There are 2 protein chains.
Amino acid sequence: MSTHGGQKARYQYDACCYCELARVCLPSGFFNPELKDITRLIDHYYLLQAGEKICFSGEKFRYLYAIKSGSAKEITVSIKGNEQVADFYLPGEIVGLDAISTGKYSYDAIALESTTVCIIPFSLLLMLAVKMPQLQRRLVDLISQKLLDRTRALMSHHYSAEQRLAAFLSNMGDRYKYIGLSAKNYYLSMSRYDIGSYLNLTPETVSRLFSKFQDEGILIVHKKHIQLVNPSQLVSRSYHPH
Amino acid sequence: MSTHGGQKARYQYDACCYCELARVCLPSGFFNPELKDITRLIDHYYLLQAGEKICFSGEKFRYLYAIKSGSAKEITVSIKGNEQVADFYLPGEIVGLDAISTGKYSYDAIALESTTVCIIPFSLLLMLAVKMPQLQRRLVDLISQKLLDRTRALMSHHYSAEQRLAAFLSNMGDRYKYIGLSAKNYYLSMSRYDIGSYLNLTPETVSRLFSKFQDEGILIVHKKHIQLVNPSQLVSRSYHPH
DNA sequence: CGAGAAATTGATAAGGGTCAAACACAGTGG
DNA sequence: CCACTGTGTTTGACCCTTATCAATTTCTCG
């Protein structure tokens, strides 16, 4: 191990070949020998404690960060100083895609728990993409996918608080399942405040809705642990993101 | 001229070299001889009447569309059948970027007035990008920029109706200015209903706010024509998208 | 000119915000 | 081991912004 910048713990990277997230992460769809070329892009990864920043608003964009374990939130700070949660990141997801065009991050990405992130130098990625058309395609797909997700999030605001929270919990289940965890039984690393900010609700409203869902037997909440007792009921309470 | 598909009027394309929007559109930053290569991608353009669709939800993704003149709205239709406006497109802007990853359009793009759109075959664009790294970069930048815009739109929902409408009108002015038109004096091709849907407001609320802004001397509304009398006042009424 | 759609304006209501208080829990220090 | 403190969560009471419903006017276009 070596430290860098006086803050973030930095570790030598082994390889995507040994990472069980490779299937869903940046190198999704790649196998040796191309996978090896992609792996070589990544020299180090960070280990961050809860609250530490992966990147911060205004910082020059040099790296994409792949969540290797743990989770993070993306927050934008308005001129008035209040934070807004724009997104959450789970393992296998890529932080920094919307910094590409402007050349600087427009938000802080903050670890929500002990989190490791792989450091992907963007200039190297681009150079490799020039030689590897499938990687060019993968990069374009990744950003496009993120764009689609953001559009869906935007559309969700047309629905009620209950529909939004139900959809959020359902979606989180799907995302956990996608990375090989339980869709019905998971741990929400973010606070009620963060959930509220993301869904454009107050923490009070989020809390009330959790209680309501629990009273109705849809789920069981225990602090940050969520157990979906009746996932189909949850889906029917949500708006139906087609 | 030739017609195609029995519906959309289709015209032989001349070239980006003769288009005054080239500066802001897909070929932004390119000059001959590269500009010529990019121009060759575009064989035809459509002339659409108000209400005609550029693409529709579920259709196989083959083309990006660049608005050449006129304007369009992007709408998603929920399962319950109600339309939601996700975006507006002005000349120089590209429709279809979030269809790349899934291979099909997830929304209808509908002309708001007489509108011409250049047809950009995506597979050809990708092939050219393989040979032309600057074009690869341009494509990635375009999608990333759109992602950033969507994130900003998402964040706007944290603010009041008045702040959102003020920001919208201010933003529209900026976008018109960007393409060489007046920022203070422009024509809004979309209905109050569309504006409301985009901002997550009812048309009644939009109408009331227009009246309010007019009463306060910030702008003059005449049907769809907007004259910003006091743009700085409008900015201070908006949330401040940093 | 007439009919239907869009826009405006008014009256009322509700969803979710705001304010406030109580509670739970983690970390700290005595 | 137990207060002490600060943060996050829950619950209640009240209220405000914006939606809803309704009536009227204006515009569009055949």
Side-chain angles (χ1 to χ4, degrees), chain A residues 49-51 73 75 80 82-85 110 112-114 156-169 187-216 219-226 237-239, chain B residues 49-52 73 75 80 82-85 110-114 156-169 187-216 219-226 237-239:
Chain A
Q49 297 308 311
K73 62 177 174 180
I75 65 169
K80 305 199 129 190
N82 45 349
E83 296 185 358
Q84 300 175 4
V85 175
I110 301 179
L112 288 165
E113 56 194 312
S114 284
S156 77
H157 287 256
H158 290 252
Y159 300 92
S160 70
E162 178 173 307
Q163 287 174 307
R164 271 178 285 160
L165 184 63
F168 172 75
L169 293 172
Y187 179 82
L188 279 180
S189 56
M190 70 291 293
S191 69
R192 300 286 191 268
Y193 192 96
D194 287 335
I195 296 172
S197 179
Y198 177 67
L199 297 174
N200 199 15
L201 298 171
T202 58
E204 292 93 328
T205 300
V206 174
S207 181
R208 275 184 252 272
L209 287 172
F210 269 125
S211 301
K212 188 178 177 214
F213 285 151
Q214 183 160 259
D215 291 348
E216 295 171 337
L219 47 77
I220 296 171
V221 194
H222 211 293
K223 300 182 3 176
K224 297 188 161 186
H225 188 93
I226 305 290
R237 289 303 183 88
S238 77
Y239 63 90
Chain B
Q49 298 309 311
E52 284 192 285
K73 63 177 174 180
I75 65 168
K80 306 199 129 190
N82 44 350
E83 296 186 356
Q84 299 175 4
V85 175
I110 301 179
L112 287 165
E113 57 194 311
S114 285
S156 77
H157 287 253
H158 290 252
Y159 300 93
S160 71
E162 178 173 308
Q163 286 174 307
R164 271 178 283 159
L165 185 63
F168 172 74
L169 294 172
Y187 178 82
L188 280 180
S189 55
M190 70 290 293
S191 68
R192 301 286 191 270
Y193 192 97
D194 288 335
I195 296 172
S197 178
Y198 178 67
L199 297 174
N200 199 15
L201 298 171
T202 59
E204 291 95 326
T205 300
V206 174
S207 183
R208 274 184 252 272
L209 287 171
F210 269 126
S211 301
K212 188 179 176 213
F213 285 150
Q214 183 160 258
D215 290 349
E216 294 170 337
L219 48 76
I220 296 171
V221 194
H222 210 294
K223 304 182 355 178
K224 296 187 160 186
H225 189 92
I226 305 290
R237 289 302 183 89
S238 77
Y239 63 90

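All chains are named by letter (A, B, ...) in the order of the sequence lines, taking the proteins before the strands, and each is independently numbered beginning at 1. Small disclaimer: the values here were computed from a predicted structure and weren't measured.
Within 4.0 Å of B:Tyr193, counting heavy atoms only, lie sugar-phosphate atoms of the nucleic acid but no base atom. No engagement by B:Asp194 is indicated, since no non-hydrogen atom pair under 4.0 Å with the nucleic acid exists.
Between the side chains of A:Glu162 and A:Tyr239, no donor N or O sits under 3.5 Å from an acceptor N or O. Remark: the A:Gln214 side chain and the A:Ser211 side chain contain no N/O donor-acceptor pair separated by less than 3.5 Å. Side-chain atoms of A:Ser114 and A:Gln49 include a donor-acceptor pair closer than 3.5 Å.
The shortest heavy-atom contact between B:Leu201 and B:Ala161 is CD2-CB, 3.5 Å.
In the set C:dT8, D:dT10, C:dG16, the nucleotide with an atom closest to the side chain of A:Ser160 is C:dG16. Distance from the side chain of A:Ser191 is smallest to D:dT9 among C:dA20, D:dT20, D:dT9. Of all nucleotides listed (D:dA19, C:dT8, D:dT10), D:dA19 comes nearest to the side chain of B:Leu201. The side chain of B:Thr202 lies closest to D:dA19, out of D:dA19, D:dT18, C:dT9.
Side-chain N/O atoms of B:Lys223 include one lying less than 4.0 angstrom from OP1 or OP2 on D:dT28. Remark: B:Thr205 is in phosphate contact with D:dA19, judged by side-chain N or O atoms under 4.0 Å from OP1 or OP2. Phosphate contact (OP1/OP2 of C:dT8, side-chain N/O of B:Arg192, threshold under 4.0 Å): present.
Nucleotides of DNA chain C nearest to A:Glu162 and A:His222 differ in position, and the one nearer the 5' end is that of A:Glu162.
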_Using side-chain contact (heavy atoms from CB on, under 4.5 Å), reason through A:Phe213 and A:Leu165 one step at a time and then give a plain yes or no._
CA-CA 10 Å; A:Phe213 285 151; A:Leu165 184 63; 3.9 Å; yes
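In this model, a side-chain donor or acceptor of B:Arg208 finds a partner on the base of D:dT20 within 3.5 Å.
Taking the screw axis at each terminus of the helix from C:dC1-D:dG30 to C:dG30-D:dC1 from five consecutive base pairs, the angle between the two is 40° to within rounding of 10 degrees.
Here the straight-line distance linking atom OG of B:Ser189 with atom NZ of B:Lys73 works out to 10.0 Å at 0.5 Å rounding.
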